[in-house]
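Quick notes on the structure that follows.
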Amino acid sequence: MNFRPAIIVHGGAGRGSGAQQRDRLAGCLAAARTGWTAVRQGCSSLDAVEEAVAVLEDDPLFNAGTGSSLNAAGEVEMDAALMRDTLEAGAVAAVSGISNPIRLARKVLDDGRHVMLAGQGARDFARRAGIEPVPGDTLITQAQRKRWNAGHGTVGCVALDARGRLAAGTSTGGTLGKLPGRVGDSPLIGCGTYADAVGAASCTGQGEAIIKVLLAKTAVDLLAAGLTPATAAKRAVELLERQTGAEAGLILVDRYGAVGFAHNAEEMPVCVLTPEGQTATAS
Ligand code: ASP
């Protein structure tokens, strides 16, 4: 099989000022480079995706980890998931006080007993897994307190490594002002995050709509039907729009290392790195 490694990162579908757009694109590029360095050093795509997403969780410009949107109670509750082409998956839902939910999702995946842990049980598991909780307030930025970021900036990454292994990861603070306990698409396997032997996908946008059309799995199934990643991504977003009228976007990589992305929002920062070079676009 002829393939080459690739990594693609998104910084969330939505709208923002020109300056925000530029800064988020720079953040995506930094994250993609971190993941790409891991791939080039021979790490697995799962490690690369985890590292790239963690970079974005630590960047307060994005709605994930530090900088997460606040819920209706003024608190941060985050969702994240990781999946690899062996169908091993780990996810956490509605967790608070965890700086890097993607690292907790990885612990769930590695532990292997369950696919998803939520709420307090996830926090208890984190402690046992060596991830110390942080005070909830430390994840709240001034911008989120003032609601400047308006819920935009979920993050995701998909990659194919040098051994031809696929992985996908997504992390989010969810939608602004959501009810406490609300879980979006990001941690739900097949909805916001999916990987199998054909492809890997990470989604962003209105979670309630993404869940209903299983957007990530739909996009990978379109790859399996023979579409290119670019066409599969476009068709999946069209299908979502037709069936729900909602806004969303997704990134996709296939088992050959071809990438695609599409969205029907105002913007979605995306950065791609392959042996041929890098592409970054914010439109
Ligand atoms: N999909 C995320 C959610 O609904 C939000 C987003 O991507 O902006 O939780």
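Every number for a ligand or one of its atoms is a count from 1 in the order of the listing. Sequential numbering from 1 along the given sequence is applied to the chain's residues. What you see below is based on every heavy atom in this structure, not just the backbone, and it leaves out hydrogens, waters and symmetry mates.
Although no hydrogens or angles enter the test, the distance criterion places no donor-acceptor pair under 3.5 Å between the side chain of Thr175 and the main chain of Lys178.
Here's the thing with Thr154: one of its N/O atoms is less than 3.5 angstrom from an N/O atom of ligand 1. Polar contact check, Asp185 against ligand 1: a nitrogen or oxygen pair lies under 3.5 Å apart.
In this structure, Arg182 counts as a contact residue of ligand 1, since one of its heavy atoms falls inside 4.0 Å of the ligand. Assignment of Gly205 to the shell around ligand 1 is supported, since a heavy atom sits closer than 4.0 Å.
Below 4.0 Å from some heavy atom of Thr204 lie the following atoms of ligand 1, by number and element: 6 (C), 7 (O), 8 (O). Shown in contact with Gly207 at under 4.0 Å from a heavy atom are these atoms of ligand 1, numbered in order with element: 4 (O).
Between Asp85 and Arg255, no side-chain nitrogen of the basic residue sits less than 4.0 Å from a carboxylate oxygen of the acidic one, so the salt-bridge criterion is not met. Between Asp124 and Arg128 there is no salt bridge, since no side-chain nitrogen of the basic residue lies less than 4.0 Å from a carboxylate oxygen of the acidic one.
Just one of Thr204, Thr193, Asp79 meets the side-chain contact (heavy atoms from CB on, under 4.5 Å) condition when paired with Thr170; it is Thr193.
The salt bridge (Lys or Arg N to Asp or Glu O under 4.0 Å) search around Glu238 returns Lys234, not counting sequence neighbours.
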